[in-house]
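The structure displayed is predicted, hence computed values, not measured ones. Naming convention: chains lettered A, B, ... in sequence-line order (proteins, then strands); numbering from 1 in each chain. What's counted below: heavy atoms across the whole structure, side chains too, no hydrogens, waters or symmetry copies.
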Amino acid sequence: MGNLVGAELRKTTTTGLWWGLLIPTAVLALGWGLATGLLGQFFVDFASSGDVDEVSDFLGVTPDQWKVSLFGMARAINISTIFPMVFGAMAISSEISRRTITTTFLTAPSRMHALLAKMLVYVLWGAIYGLAIMAFVSIGVVITSDAGQLPDAGGWAMLTLVCVLSSILMTMLGVGVGALIPNVAGAVVLLLLYFLVIENVLHGVLAYLEVPAVIGFLPNGSINGLTGAVAVDLFLSSAGVVPTEIEDVLRAIAGAAGAQDWWLSGIVFLAWAGVVFAGGWAVTQSKDIT
Amino acid sequence: MHDGSGLIAVQNLTKQFGPVTAVQNLSFTVSPGSVTGFLGPNGAGKTTTLRMLLGLVKPTGGTATINGRPFHQLGQPGRVVGAVLEAQGFHPARSARNHLRVYAAAIGVPDAQADQVMGLVGLGSAADRKVGGFSLGMKQRLALATALLGDPQVLVLDEPANGLDPEGIAWLRTFLQSYARMGRTVLISSHLLAEVEQTVDQVVIISRGQTMFYGPLDQLRQSQQRRVLVQPSDINALANALRTAGVQVIEQLPDGRLAVSGVDSRQVADIALQAGVSVYGIQEETVDLERLFFQLTSGQYAGYAPAQQNPYQQQGGWA
């Protein structure tokens with residue numbers, strides 16, 4: 001197994017795909033980070049302008065102490081992890097398209113070994129992407145935010161943890177979908193459509209039907225919940241007692257409407273990734289490589 | 001684990017792709033120490049058979065084993081069997097050396113082995129070039145290098161001569177023969193007997209997914225028939241004289257000649273002289289291996305010849 005992991009790692013480092021996708025990931029994360037600080041500043045200025053004092057009373061602290069950057073960072077992480085997901089989606093689908101899968105299977109004790117080794121390597125890559133995303137989001141936020149809007153040390157650590165987790169999980173889902181749909185364009189387009197369009201429409205419908213709790217159990221809803229719930233928790237921990245309605249609004253701002261606790265959201269998404277990978281494995285196991 | 005015998009055994013192997021039967025009840029064995037040719041026309045089921053042997057395609061029925069085990073039970077398959085299946089299977093942006101290092105890691109051999117096999121197949125100078133820029137022949141060499149990485153006991157090659165220049169084919173021939181001389185097993189497929197005739201010791205000939213001939217190439221050669229075509233002044237007199245001399249197989253051709261089997265042209269001429277028959281023309285005819293191969297595999301996808309007569313039957317048809 002160690003041999004195969006080494007081989008899979010070499011496969012990813014001997015082509016340019018990893019940095020080809022890491023560059024746009026970093027640019028996007030940095031852009032979101034910068035925008036987050038600017039928007040937060042604008043919002044705080046607006047909230048401080050007397051008319052909205054009632055809201056600040058709810059939150060128990062003055063607006064310049066609101067850690068608004070948390071929401072933008074959660075959203076930045078959500079959108080940036082699309083790239084590691086795409087990276088993962090190409091793990092198996094591109095091997096099948098390029099027919100390198102033949103040699104991969106000829107040099108592995110079993111197909112299961114080959115797929116598991118690949119998954120392990122992509123988990124590592126998911127973590128690397130996650131750290132890069134966190135680094136670039138942080139740079140952006142720190143440049144444009146006032147110190148009062150930034151999380152404390154514990155907050156940074158917690159956000160880094162969920163960012164890396166989120167990136168790993170998204171990569172894993174990508175690997176599974178790439179095994180299920182052994183066509184690079186097909187797998188990538190489906191994932192992008194689903195995460196950027198389809199599930200957002202679903203969220204709207206579920207909210208309209210007044211069952212927003214279901215959202216937290218959908219793939220995108222749960223992965224957003226992982227980061228969003230942490231952002232809301234961190235925000236509230238520095239605020240006073242907040243009514244439930246306001247909390248729901250805050251969750252929606254963090255992009256985690258209807259989400260469960262962060263750890264439960266993570267488990268829900270892991271289950272989705274597991275189901276998809278199992279499906280992809282079943283398809284690959286019985287596939288005739290002609 | 002496998003028994004290390006180097007034996008390939010295919011037994012009652014069958015594969016259906018939907019309504020199409022690609023391979024039907026195929027059986028043969030391949031022993032170490034010789035190069036075995038796996039021959040048949042395009043679409044005869046060669047590639048499907050080899051892919052079933054290598055665990056890439058799941059058989060509908062029957063078994064295919066290497067060293068007494070199906071492929072997925074070999075443990076470290078890369079060290080037991082090396083395969084050249086197609087000159088594709090490369091990432092175009094990866095260099096030849098990196099390609100080999102990826103699979104050297106998978107098989108568990110040191111990186112130095114990658115450079116060694118590249119030198120062996122003559123790709124040493126192209127090691128750091130991206131495979132996307134390789135010619136078909138270079139890709140074939142790289143595929144062979146990949147197959148050799150694990151120093152395998154069994155080598156399986158599907159149409160390896162495709163894309164190789166004459167020099168490359170000559171090199172491959174020598175290489176495979178010496179590989180087999182080391183006591184290893186070499187199975188090589190081709191749709192042209194002539195292409196592998198000088199390389200192989202044993203042949204398995206299949207057509208329409210079934211085995212047509214299986215044995216040493218020499219045995220196939222011995223089954224070649226020869227006959228003498230003679231144009232005498234008196235057909236009946238010569239035929240009688242030949243029968244008297246013990247020649248049984250005599251056939252009269254539409255063009256007025258006699259076709260005599262089982263004797264050489266000298267004997268026929270001597271008998272004609274003794275019988276007082278003039279000989280206006282005499283020639284010996286041999287059916288070459290290629291035609292024998294064609295007869296064994298004929299029918300499948302055989303189109304009609306552009307001429308009115310099938311060129312393979314204009315000598316009076318002799319199957």
Undergrad: Heavy-atom distance under 4.5 Å to chain B: side chain of A:Thr104, backbone, both or neither?
TA: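 Its backbone and side chain both get close to chain B.
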Undergrad: List the atom of A:Asn3, the atom of B:Ala106, and the distance in Å for their closest heavy-atom pair.
TA: CB-O, 3.6 Å
Undergrad: Rounded to the nearest 0.5 Å, how far apart are NE2 of B:His99 and NZ of A:Lys11?
TA: 10.0 Å
Undergrad: Minimum heavy-atom separation for B:Pro77 and A:Ala108, please, with both atom names.
TA: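 Looks like CG-O, 3.2 Å.
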Undergrad: Atom CG in B:Leu85, atom CD1 in A:Ile289: separation rounded to 0.5 Å?
TA: 11.5 Å
Undergrad: Is there a side-chain contact between B:Leu54 and A:Phe105, using heavy atoms and a 4.5 Å cut-off?
TA: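 No - every pair of side-chain heavy atoms lies 4.5 Å or more apart.
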Undergrad: Taking side chain as C-beta onward, heavy atoms only, is A:Leu106 less than 4.5 Å from B:Val81?
TA: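 With C-beta onward as the side chain, the pair stays apart.
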Undergrad: In terms of heavy-atom proximity below 4.5 Å to chain A, should B:Lys15 be classed as side chain, backbone, both, or neither?
TA: side chain
Undergrad: Do side-chain atoms of A:Arg111 reach the backbone of B:Leu56 as a donor and acceptor pair under 3.5 angstrom?
TA: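 Yes; judged by distance alone, with no hydrogens or angles, the pair exists.
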Undergrad: How about CD on A:Gln285, more than 12 heavy atoms from neighbouring residues, nucleotides or ligands closer than 6.0 Å, or not?
TA: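 Yes, because the 6.0 Å sphere around CD of A:Gln285 holds more than 12 heavy atoms from other groups.
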Undergrad: Less than 4.5 Å to any heavy atom of chain B: does that hold for the side chain of A:Thr107, its backbone, both, or neither?
TA: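 It is both, since atoms from each part get that close.
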Undergrad: Distance check, rounded to the nearest 0.5 Å: A:Lys287 atom NZ versus B:Lys58 atom NZ?
TA: 12.5 Å
Undergrad: I need the minimum non-hydrogen distance between B:Gly75 and A:Pro109, along with the two atoms involved.
TA: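 Result for this residue pair: O-CB, 3.2 Å.
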Undergrad: Chain A: which of B:Ala143, B:Ala83, B:Pro92 shares the most heavy-atom pairs with it under 4.5 Å?
TA: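 The answer is B:Pro92.
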Undergrad: So which residue, B:Arg51, B:His72, B:Arg101, ends up with the most heavy-atom pairs under 4.5 Å with chain A?
TA: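 Maximum pair count with chain A is reached by B:Arg51.
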Undergrad: Counting C-beta onward and ignoring hydrogens, is there a side-chain heavy-atom pair between A:Arg10 and B:Asp111 closer than 4.5 Å?
TA: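 Yes. Closest side-chain heavy atoms under 4.5 Å.
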Undergrad: Could you tell me if the side chain of A:Thr290 sits less than 4.5 Å from the side chain of B:Thr48, heavy atoms only?
TA: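 No, side chains not in contact.
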Undergrad: Can you tell me how far the OG1 atom of A:Thr14 sits from the CZ atom of B:Arg94, to the nearest 0.5 Å?
TA: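 So the gap between those two atoms works out to 3.5 Å.
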